[in-house]
There are 2 protein chains.
Amino acid sequence: MGIAERKERDKEELRERILIAAKTLFLEKGVEKTSIRNIADLIEYSPGSIYHYFKDKNEIFHSLHQGGFQQLMSRMEVLAKVSNPMERLKRMGAIYVDFALENPDMYDLMFIKEAPMDHVYNSNDEQWKEGFGTFNFLRATIQECIQAGHFRGHEEEALSFLVWSTVHGMVSLHIRRRCEVVLAQRQDTIVKDGLSEFFTILDRLSL
Amino acid sequence: MGIAERKERDKEELRERILIAAKTLFLEKGVEKTSIRNIADLIEYSPGSIYHYFKDKNEIFHSLHQGGFQQLMSRMEVLAKVSNPMERLKRMGAIYVDFALENPDMYDLMFIKEAPMDHVYNSNDEQWKEGFGTFNFLRATIQECIQAGHFRGHEEEALSFLVWSTVHGMVSLHIRRRCEVVLAQRQDTIVKDGLSEFFTILDRLSL
DNA sequence: AAAATAAATGAACACTGTTTAAAATAAAAA
DNA sequence: TTTTTATTTTAAACAGTGTTCATTTATTTT
């Protein structure tokens, strides 16, 4: 009965090759400008054959996007060892920004892109609950900060939203290229610089 | 000599009709999914004729994009009367958020939607840079705040980017409905609440 | 009325995502 | 081994895209 299993493995392998090719091209020239024919060319198969492994182009995005939340969550795991909540909060922000800058297309799919990904957020997708978990982790950390005497006068939920918004705002303006004209001469460092300004503010709020 | 002028007016009128049709469709189904043929159908002209009034699709987007900035800029004009820079900064944030919440589609077009036109951001279009006058106004205001003794230890440009990012982050997460799952019970107020948390932080940084 | 000018058109080109009937290949059964 | 069955891959086709351009249509000038 090893033949059926080998066939299954072969099929899974080609599926994986499609995903790798798609990811390569998405990162190289963007999702919209990558065609099914481009992907097919790269793996040396016909365009039609891709539709044997994925329903459509969106399903390829979705498949890659699932991996995205898993990646982000696994990056956050090192924070379990950071006992100081303020330190944890800052390192959380750094991990979030790093992830976004290193995987802009993935981040785009996860937090910026609209319509075709709506079903992801309405479904009981396990990976989405992972993302939900990330925000709850932020809230818990901020709650700890408050209990430790920081952020006096602030409300936990709204402050958590504000913190999330701040890092999301920076990386999404960068990813959608809204700071290129306005901050042309320091495109590469502006997000990191903004983050360090944010850390300065957080430190000042701790006193 | 009134004939030439009438022709000029007619031409300008058709140009305007193209823009209105494009705006309608862009906001309705997105820039990428709106075709030149769609626009032509709506104004009951042939697709080719649109190229008599705009170099390409990018130029149509560009034109609408600028109009949005002009709108936002005109709302900011009342701030000229606010002499206290910290007060001006806060009211600027409120105007920005209000504009975004009242015109989510236009905001989407201006700051969130994928901007397919590379040449726009790479060009040294003077008029385009005018569109970003709002950001320069923010920078000037923060510069004034620093000169008045606020934001000690902060760097003006990076801080300006951070402030912009914070308000952009909140409204864009709201517009793209990323807080619905995570903050289901206070969708309607979370942006305003987040902004008020932000104001609290700004006040604390003034001391 | 004829000539010159400007505007609008529709067909064509090279792309896109996706579907599908047919062909090639591999596996199972005779 | 040969035939039948199932699967995988393909090429062609469909309907769409942005854009170009020769041709037609309408308007203005002579």
Side-chain angles (χ1 to χ4, degrees), chain A residues 1-19 21-23 25-26 28-65 105 109 113-117 119, chain B residues 1-19 21-23 25-26 28-65 113-120:
Chain A
M1 281 281 128
I3 299 156
E5 287 164 6
R6 195 223 63 208
K7 290 210 81 180
E8 197 58 41
R9 264 190 293 115
D10 282 2
K11 194 167 172 157
E12 186 52 44
E13 195 203 310
L14 186 48
R15 213 188 116 97
E16 204 59 41
R17 286 219 293 142
I18 292 169
L19 282 176
K23 190 176 175 181
L25 291 172
F26 288 173
E28 196 178 286
K29 40 191 262 177
V31 179
E32 218 76 38
K33 283 177 181 169
T34 298
S35 69
I36 297 291
R37 285 170 181 83
N38 294 154
I39 300 169
D41 282 353
L42 200 58
I43 60 168
E44 293 177 307
Y45 272 74
S46 70
S49 67
I50 286 176
Y51 290 85
H52 263 259
Y53 298 87
F54 296 94
K55 198 179 121 277
D56 53 24
K57 198 178 169 184
N58 277 339
E59 199 171 276
I60 301 174
F61 298 158
H62 184 244
S63 200
L64 289 171
H65 144 280
D105 241 53
L109 287 175
K113 263 210 151 59
E114 56 170 345
M117 294 294 151
H119 74 277
Chain B
M1 281 280 127
I3 298 156
E5 287 162 8
R6 197 223 63 209
K7 289 212 80 183
E8 199 58 41
R9 267 191 288 112
D10 281 2
K11 193 165 173 159
E12 186 53 44
E13 195 201 310
L14 186 48
R15 211 188 118 98
E16 205 58 43
R17 284 190 43 212
I18 292 170
L19 282 176
K23 185 177 174 181
L25 292 171
F26 285 175
E28 198 178 284
K29 40 191 261 180
V31 179
E32 216 75 38
K33 283 176 181 170
T34 297
S35 69
I36 296 291
R37 285 169 182 82
N38 294 154
I39 299 169
D41 281 354
L42 200 58
I43 60 169
E44 293 176 307
Y45 272 73
S46 70
S49 66
I50 287 177
Y51 289 86
H52 264 260
Y53 298 87
F54 296 94
K55 196 179 125 281
D56 53 23
K57 196 180 171 186
N58 289 346
E59 200 171 277
I60 299 173
F61 181 91
H62 184 214
S63 199
L64 290 171
H65 203 260
K113 270 213 159 69
E114 221 154 344
M117 47 292 299
D118 291 343
H119 79 276
V120 170

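Every value quoted in this text rests on a predicted model; they were computed, and no experiment measured them. Order of the sequence lines fixes the chain letters, A, B, ..., with proteins taken first and strands second; residue numbering starts at 1 for each chain.
Distances shown here put every side-chain N or O of Tyr45(A) at or beyond 4.0 Å from the OP1 or OP2 atom of dT8(D).
Across the protein-nucleic acid pair, Glu44(B) atom CD and dA8(C) atom C1' stand 14 Å apart, rounded to whole Å. In this structure, Phe54(B) places its CZ atom 16 Å from C1' of dG18(D), rounding to the nearest Å. The CD1-C1' distance, from Ile50(B) to dA8(C), rounds to 12 Å in whole Å. Atom CG in Asp41(A) sits about 11 Å away from atom P in dT10(D), given to the nearest Å. Put simply, NZ on Lys33(A) is 15 Å from P on dC15(C), counting in whole angstrom units. A straight line from CG of Leu14(B) to P of dA26(D) spans 16 Å, rounded to a whole angstrom. Remark: C1' of dT19(D) and CD of Glu59(B) are 14 Å apart, rounded to the nearest angstrom.
Under the side-chain hydrogen bond (donor to acceptor under 3.5 Å, both in side chains) criterion, Ser46(A) pairs with no residue, sequence neighbours left out. With sequence neighbours left out, the side-chain hydrogen bond (donor to acceptor under 3.5 Å, both in side chains) criterion links Asn38(A) to Lys29(A), Ser35(A). In this structure Ser63(B) satisfies the side-chain hydrogen bond (donor to acceptor under 3.5 Å, both in side chains) test with no other residue, sequence neighbours excluded. Looking at residues two or more places apart in sequence or on another chain, you find a ring pair (Phe, Tyr, Trp, His ring centres under 6.0 Å) between Phe26(A) and Phe61(A).
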*Where does DNA chain D pair, written as one dot-bracket string 5' to 3', with Watson-Crick or G-U pairs under 3.5 Å, ( ) inside the strand, [ ] for crossing pairs and | for another strand?*
||||||||||||||||||||||||||||||
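The shortest non-hydrogen separation linking Ile39(A) to Ile50(A) is CG2-CD1, 3.7 Å.
Under a cut-off of 6.0 angstrom, the local environment of NZ in Lys57(A) is crowded, with over 12 non-hydrogen atoms contributed by other residues, nucleotides or ligands.
Here the CD1 atom belonging to Ile18(A) is positioned 9.0 Å from the CD1 atom belonging to Ile36(A), to the nearest 0.5 angstrom.
For the pair Phe54(A)/Arg15(A), a side-chain contact is recorded, criterion being any heavy-atom separation below 4.5 Å from C-beta on.
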*Would you mind building the protein contact string for nucleotides 17-22 of chain C? One character per nucleotide, 5' to 3', B for base within reach (heavy atoms under 4.0 Å), S for sugar-phosphate only, - for untouched.*
BBB---
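His62(B) and His65(B) have their aromatic ring centers separated by at least 6.0 angstrom.
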